[in-house]
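Chain naming here is simple, since letters A, B, ... match the order of the sequence lines and numbering starts at 1 in each. All heavy atoms count here, side chains included; hydrogens, waters and symmetry mates do not.
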Number of protein chains: 2
Amino acid sequence: MATDNRNIHRKIGRSTTRTKCPAPFLSKTYDLLEEQEEENNNNNNNIKVVSWNGEGNGFVVWCPDEFSEVMLPKYFKHNNFSSFIRQLNTYGFKKVASKRWEFHHEKFQKGCRHLLAEITRKKCEPSVFPTYLNPSKKSTLLLARNNQENTTRQLLMEENQNLKKEKMELQLQIAHFKTLEMKLLQCLSQCVENPHNKTRRLF
Amino acid sequence: MATDNRNIHRKIGRSTTRTKCPAPFLSKTYDLLEEQEEENNNNNNNIKVVSWNGEGNGFVVWCPDEFSEVMLPKYFKHNNFSSFIRQLNTYGFKKVASKRWEFHHEKFQKGCRHLLAEITRKKCEPSVFPTYLNPSKKSTLLLARNNQENTTRQLLMEENQNLKKEKMELQLQIAHFKTLEMKLLQCLSQCVENPHNKTRRLF
DNA sequence: GGGAATATTCCC
DNA sequence: GGGAATATTCCC
């Protein structure tokens with residue numbers, strides 16, 4: 001196993017001064033391009049394996065097979081092109097051509113190593129559950145949690161409904177009492193004014 | 001980079017028939033011991049680097065430096081003893097001696113490769129939040145979620161309180177009406193019976 | 001020892 | 001492309 005003298009990046013990368021230091025993957029990919037660029041310049045006759053693109057705002061893997069077999073193991077712990085692509089996607093790079101392996105990232109540009117520290121890993125959508133729970137367990141937990149929440153809400157809503165119904169009934173009673181009071185008062189007034197009338201008919 | 005023909009374990013390991021297949025780390029560690037055992041038997045004069053212990057219910061790394069530099073890279077993508085230990089801990093192995101690197105696991109025994117599939121990774125305590133969220137973000141989310149739940153409940157509870165208060169007031173009104181009705185009726189009856197009495201005093 | 005970030009692999 | 005499991009690293 002070749003010793004990896006780029007580990008220094010990683011060591012600093014994990015420290016609390018993270019803002020100063022890009023992720024190891026980014027530094028290594030940048031290193032790879034810079035070192036390959038130098039080699040490309042020295043041997044104009046050779047076919048390029050990987051290089052910055054014309055504008056210097058992205059890079060192209062010209063020979064994926066050679067890149068994977070020869071270059072990847074020099075910088076990473078594997079020789080799989082797909083793992084390299086997976087990392088590019090993780091850090092938000094975009095494939096910008098359909099017929100060649102050209103990738104862009106706003107903050108990944110030739111001569112701008114200082115921009116690397118501004119590139120962050122894409123975050124997955126926040127899930128409220130740890131990844132090791134299988135979907136069935138997740139649904140069970142979801143149901144449990146929802147059930148608990150729903151039970152409280154359900155009880156409150158039921159109570160609300162009942163209270164509203166009771167209120168309506170009470171208001172209805174009051175309406176009847178008001179009518180009754182009115183009639184009684186009417187009746188009384190008639191009674192007082194004409195004590196000998198039959199007032200019962202009001203009821 | 002040496003190709004790793006043990007990846008077959010991994011490929012199967014990720015399939016849905018996971019129960020049949022141990023984690024790659026376990027298979028590799030078992031392979032390593034079996035292959036080293038054979039080498040130990042062939043060269044009795046050599047110092048052992050790693051071997052099963054006497055009972056066959058654990059193993060001993062006799063020479064950590066040589067083990068790390070020579071054997072680890074043959075089976076894993078690193079040469080760090082501490083990473084190997086980290087994996088052992090992840091899978092629940094216990095260090096059982098203070099003066100040498102001897103590790104046990106109930107299901108990791110000489111001649112019992114079939115037990116490996118029963119060894120599982122230790123799970124961290126279920127956190128409701130993804131690990132990438134820092135504590136401050138976690139509290140914010142917690143508060144947000146709680147706020148949302150609390151808002152609903154709070155509103156329902158407030159509505160409930162108001163409804164109960166209104167109900168009480170309505171009942172009070174009804175009580176007054178009942179008193180009033182009673183007095184009016186009393187009054188009326190007096191009025192009818194003794195039309196010339198002063199009935200107003202009842203009010 | 002183990003939590004957590006990053007890397008690598010596998011799979012959809 | 002990206003979710004998720006496992007591996008490797010870093011740090012407490």
Undergrad: Can a side chain N or O of B:Lys122 be found less than 4.0 Å away from OP1 or OP2 on C:dG2?
TA: yes
Undergrad: Could you tell me how far apart A:Phe81 (CZ) and D:dG1 (P) are, to the nearest whole angstrom?
TA: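 So the CZ-P distance, A:Phe81 to D:dG1, works out to 12 Å.
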Undergrad: Provide, to the nearest angstrom, the distance between the NZ atom belonging to B:Lys28 and the P atom belonging to D:dT6.
TA: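 B:Lys28 atom NZ is separated from D:dT6 atom P by 13 Å.
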Undergrad: Between the side chain of B:Tyr75 and the main-chain N/O of B:Phe25, is any donor-acceptor distance below 3.5 Å?
TA: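 Not at all, since once roles are kept as given, no pair shorter than 3.5 Å links the two residues.
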Undergrad: For A:Lys164, enumerate each residue passing the salt bridge (Lys or Arg N to Asp or Glu O under 4.0 Å) test, keeping only those at least two apart in sequence or located in another chain.
TA: B:Glu159
Undergrad: Picking from C:dG1, C:dT8, D:dA7, which would you name as closest to the side chain of B:Pro24?
TA: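 Of the candidates, D:dA7 comes closest.
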Undergrad: Do B:Lys74 and B:Glu35 sit within salt-bridge range, that is, some charged N less than 4.0 Å from a carboxylate O?
TA: no
Undergrad: Where the side chain of A:Gln87 is defined as all heavy atoms beyond and including C-beta, which of D:dG1, C:dA7, C:dT9 is the nearest nucleotide?
TA: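 For A:Gln87, the side-chain atoms sit closest to C:dA7.
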Undergrad: D:dT9 phosphate, OP1 or OP2: any side-chain N/O from B:His78 under 4.0 angstrom?
TA: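 Result: yes.
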Undergrad: With nearest nucleotide decided by heavy atoms, which residue, B:Arg121 or B:Ser83, maps closer to the 5′ end of DNA chain D?
TA: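 That would be B:Arg121.
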Undergrad: Output yes when at least one side-chain N/O atom of A:Asn80 is less than 4.0 Å from OP1 or OP2 of C:dT8, else no.
TA: no
Undergrad: Considering heavy-atom distances to DNA chain D, does B:Thr90 or A:Phe103 have its closest nucleotide positioned more toward the 5' end?
TA: A:Phe103
Undergrad: So, A:Gln109 and A:Trp52: side-chain donor and acceptor under 3.5 Å apart, yes or no?
TA: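 Distance-only check fails for A:Gln109 and A:Trp52.
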Undergrad: Does a side-chain N or O of A:Lys94 approach OP1 or OP2 of D:dG1 to a distance below 4.0 Å, or not?
TA: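 The answer is no; no side-chain N or O of A:Lys94 sits under 4.0 Å from OP1 or OP2.
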Undergrad: A:Asn89 CG to C:dT9 C1': how many Å, rounded?
TA: 14 Å
Undergrad: Without decimals, in angstroms, what is the distance between A:Phe76 CZ and C:dT9 C1'?
TA: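 Nearest whole value for this atom pair: 15 Å.
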Undergrad: Tell me: NZ of A:Lys95 to C1' of D:dG2, nearest whole Å?
TA: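 Taking NZ of A:Lys95 and C1' of D:dG2, I get 16 Å after rounding.
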Undergrad: When the distance from CD1 of A:Ile85 to C1' of D:dG3 is rounded to whole Å, what number comes out?
TA: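 Rounded to the whole Å, the gap is 18 Å.
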Undergrad: Rounded to the nearest angstrom, tell me the gap between atom CZ in B:Phe93 and atom P in C:dG1.
TA: 14 Å
Undergrad: For A:Lys107, enumerate each residue passing the salt bridge (Lys or Arg N to Asp or Glu O under 4.0 Å) test, keeping only those at least two apart in sequence or located in another chain.
TA: A:Glu118
Undergrad: How many Å lie between CD1 on A:Ile119 and C1' on C:dA7, as a whole number?
TA: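 Checked: the CD1 to C1' distance equals 17 Å.
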Undergrad: Any side-chain N or O of B:Tyr91 less than 4.0 Å from the OP1 or OP2 oxygen of D:dA7?
TA: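 For D:dA7, OP1/OP2 do have a side-chain N/O of B:Tyr91 under 4.0 Å.
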Undergrad: Counting distance alone, no hydrogens or angles: does the base of C:dG2 have a donor or acceptor under 3.5 Å from a partner atom on the side chain of B:Arg86?
TA: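 It does, because a donor-acceptor pair links the side chain of B:Arg86 to the base of C:dG2 below 3.5 Å.
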